Amino acid sequence: MPELPEVQTVVNYIKPHVIGKRLQRIKPLWSKTLHNFSNKDIKSEEPHNHIVNVDRRAKFIILKFKNYILAIHLRMTGKLYFSNKQNFSKHVTAVLEFKNKESLIFEDVRKFGRIYFYKNLNIINSRHGPEPLAKNFSADMLIEMIKGRKRNIKSLLLDQSFISGLGNIYVDESLWKSRIHSNSISNAIPSKNIQLLYQSIQTILTDAIDSQGTTIINFSVNGESGRYANKLYVYGNEKKPCNRCNNKIKKIKVAGRGTYLCTKCQRIYK
DNA sequence: AGGCGTTCCTGGGGGC
DNA sequence: TGCCCCCAGGAACGCC
C-alpha cells in the first residue's frame, strides 16, 4: 500500500522524465479511474498542457500544469511509471500519452486508484491535515492536536484529515518506536510520549524515503520492493521477537485494520 | 465527536 | 491438483 514514502518515491522517479512534456490525451482503460473529468477537459486546456512540475501532497502525486493539476491517488495497488512501450499489462487502468509515443502508465490491479482534475490544491488541502515532514510541523503542534481529540490513536493517525500521508505500515512502525499501544486513547497519552511519536514519525518517514519505500511502486526499473521492507520492526513480523524486548510480535485488529505490535513494551494509555 | 458498517475490486490463501 | 469461499485494505459516505 503506497503511503507517503512510496508516493514520494514515485514523484522523485517520474519527475525528471515528465517535466516539460506535453500531454496529448489521457486514455481511460477503466472508466472510473478518471474520477471527475474526461479527456475533453484536457483538450480544452490546449495549448497549456505542458507539465510544469511534479509534487506530492498527502498521498497524491500532483502533476502541475499552467492552469490546472492532475492529482493521482494510487490507493491500494496503483503503480505509476514512465514508458515508451506500446503493449500494456491487463491491469493498466489509464494511459497519459505524451508526444513521441511516450506515456505515463497507471497500472492498478484492484482498480481503486483514481485521477482527479482540479484547478488547484484547495480542495485537497481542505480535506487533509498537515504534512508530517513540513518544516513548520512541530512536536508541540502534534501534542496539541492529539491531546485535543479523544480517539483511538491508530485510527487518528490513519485519518488523512488529521495528519497526511501515514498508512497502515508506518503507523504501526511509528507507534512501536514510540512505545505506544495502538489501542491507546489519544488524549490519555502523555506529552513526552507524543514528543517521542513525533520524532519517530520524522525518522521513519525520512529513512523510508531514503530507502525508496517498502512496497513495490513501479515496474520500470526492476519491480523490486523498496529497501525499507528490510527495516520494518513490527509490520508483517507476527510471531517474530520484538527488537527491544524479545517478546513475540502480535497481530491484532485495530480500527478495522490488521495491526502489528509488541504488547509488552508498547504501553496502553486509556 | 467518534465508532462502525458498507462499498469499491481482485489475487491469493485456507479448507477440503 | 483444483475449486470454492472469503477477505484485506484507503477513503468516502451514511448511520447511530
Side-chain angles (χ1 to χ4, degrees), chain A residues 1-10 28-36 56-62 71-80 88-94 106-118 121 123-129 131-132 144-175 181-189 205 208 213-217 219 223 225 229 232 234-239 250-261 268-270:
Chain A
M1 346 138 209
E3 305 178 28
L4 187 156
E6 286 75 23
V7 176
Q8 188 65 53
T9 300
V10 175
L29 300 178
W30 178 255
S31 63
K32 294 179 181 177
T33 300
L34 309 191
H35 187 259
N36 60 347
R56 182 190 59 74
R57 171 66 173 109
K59 297 178 194 171
F60 291 89
I61 298 152
I62 308 293
I72 303 174
H73 201 300
L74 303 173
R75 286 289 180 93
M76 314 288 299
T77 53
K79 295 173 178 66
L80 188 71
F88 312 128
S89 114
K90 65 171 179 174
H91 299 304
V92 173
T93 54
F106 190 23
E107 182 171 331
D108 186 15
V109 170
R110 292 193 186 167
K111 299 185 166 79
F112 287 176
R114 296 289 182 266
I115 305 177
Y116 305 83
F117 180 103
Y118 294 126
L121 276 174
I123 290 178
I124 290 176
N125 284 337
S126 73
R127 293 174 187 170
H128 288 79
E131 286 289 333
E144 195 180 321
M145 285 163 62
I146 287 180
K147 291 269 183 193
R149 305 289 288 271
K150 186 175 183 178
R151 196 170 157 193
N152 174 287
I153 187 63
K154 173 153 183 177
S155 162
L156 193 57
L157 294 175
L158 285 173
D159 184 342
Q160 299 301 297
S161 69
F162 180 76
I163 186 168
S164 294
L166 297 175
N168 212 26
I169 297 174
Y170 298 108
V171 165
D172 280 7
E173 292 298 309
S174 299
L175 288 174
H181 193 294
S182 319
N183 267 328
S184 295
I185 304 299
S186 55
N187 69 345
I189 303 172
L205 291 181
T214 298
T215 51
I216 297 170
I217 43 81
F219 287 136
S225 298
L232 297 172
V234 285
Y235 188 85
N237 288 336
E238 188 183 10
K239 294 177 183 170
K250 280 190 181 161
K251 184 181 185 186
I252 63 173
K253 197 151 237 181
V254 177
R257 306 291 155 76
T259 298
Y260 299 87
L261 79 171
I268 189 156
Y269 301 97
K270 290 222 176 188

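All heavy atoms count here, side chains included; hydrogens, waters and symmetry mates do not. Below, chain A is the first sequence line, B the second, and so on; all start at residue 1. All values reported here derive from a predicted model rather than from experimental measurement.
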J.: A:Trp30 has an atom CH2; how far is it from atom C1' of B:dC9, in whole Å?
T.: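 That distance rounds to 8 Å.
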
J.: Is the distance from OP1 or OP2 of B:dT10 to the nearest side-chain N or O of A:Lys90 less than 4.0 Å?
T.: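 The answer is no; no side-chain N or O of A:Lys90 sits under 4.0 Å from OP1 or OP2.
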
J.: Between atom NE2 in A:His35 and atom C1' in B:dC8, what is the gap in whole Å?
T.: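 Atom NE2 in A:His35 sits about 11 Å away from atom C1' in B:dC8.
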
J.: Tell me the interatomic distance from A:Leu29, atom CG, to B:dC9, atom C1', rounded to whole angstroms.
T.: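 Distance, rounded to whole Å: 17 Å.
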
J.: Have A:Asp108 and A:Thr77 got a donor and an acceptor in their side chains that come within less than 3.5 Å?
T.: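 There is such a pair (donor and acceptor under 3.5 Å, judged by atom type) between the side chains of A:Asp108 and A:Thr77.
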
J.: Is there a donor in the side chain of A:Arg57 and an acceptor in the side chain of A:Ser164, or the other way round, less than 3.5 Å apart?
T.: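 Judged by distance alone, the side chains do pair up.
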
J.: Could you check whether A:Thr214 and A:Tyr170, counting side-chain N and O atoms only, form a donor-acceptor pair closer than 3.5 Å?
T.: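 On atom types as modelled, these side chains qualify, holding a pair under 3.5 Å.
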
J.: Rounded to the Å, how far apart are A:Asn183 CG and B:dC4 C1'?
T.: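 Spelled out: CG on A:Asn183 to C1' on B:dC4 is 15 Å.
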
J.: Is a salt bridge present between A:Arg56 and A:Glu131, judged by a nitrogen-to-oxygen distance below 4.0 Å?
T.: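 Result for this pair is yes, salt bridge flagged.
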
J.: Side chains of A:Lys154 and A:Thr259 only: does a donor on one sit below 3.5 Å from an acceptor on the other?
T.: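 On atom types as modelled, these side chains qualify, holding a pair under 3.5 Å.
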
J.: With no hydrogens and no angle check, is any side-chain donor or acceptor of A:Gln160 less than 3.5 Å from a backbone partner on A:Leu166?
T.: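 Yes.
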
J.: Treating primed atoms plus P, OP1 and OP2 as sugar-phosphate and everything else as base, which nucleotides of nucleotides 6-12 of chain C get B, S or - for protein heavy atoms under 4.0 Å?
T.: --BBBS-

J.: Less than 4.0 angstrom between a side-chain N/O of A:Lys150 and OP1 or OP2 of B:dA1, yes or no?
T.: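 It does not, given that no N or O in the side chain of A:Lys150 lies less than 4.0 Å from OP1 or OP2 of B:dA1.
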
J.: Mind checking the CZ-OG1 spacing from A:Arg114 to A:Thr33? Nearest 0.5 Å is all I need.
T.: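 A:Arg114 atom CZ to A:Thr33 atom OG1 measures 6.0 Å (nearest 0.5 Å).
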
J.: Measure CG/A:Leu156 against P/B:dG2 and give the value in whole Å, please.
T.: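 Distance, rounded to whole Å: 8 Å.
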
J.: Using whole Å, what does the distance between atom C1' of nucleotide B:dT10 and atom CG of A:Asp108 come to?
T.: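 Answer to the nearest Å: 10 Å.
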
J.: For the helix from B:dG2-C:dC16 to B:dC16-C:dG2, how many degrees between its two end axes (five pairs per end), to the nearest 10°?
T.: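 Here the local axes at opposite ends form an angle of 50°.
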
J.: Report the distance from atom CE of A:Met76 to atom CZ of A:Phe112, rounding to the nearest 0.5 Å.
T.: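 That separation rounds to 7.0 Å.
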
J.: Side-chain N or O of A:Arg151 less than 4.0 angstrom from OP1 or OP2 on B:dA1?
T.: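 No.
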
J.: Which distance, rounded to the nearest 0.5 Å, do you find between the CZ of A:Phe117 and the NE2 of A:His35?
T.: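 Between A:Phe117 CZ and A:His35 NE2, I get 15.0 Å after rounding to 0.5 Å.
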
J.: Starting from C1' on B:dG2, measure out to CG on A:Leu157 and report it in whole angstrom.
T.: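 Checked: the CG to C1' distance equals 15 Å.
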
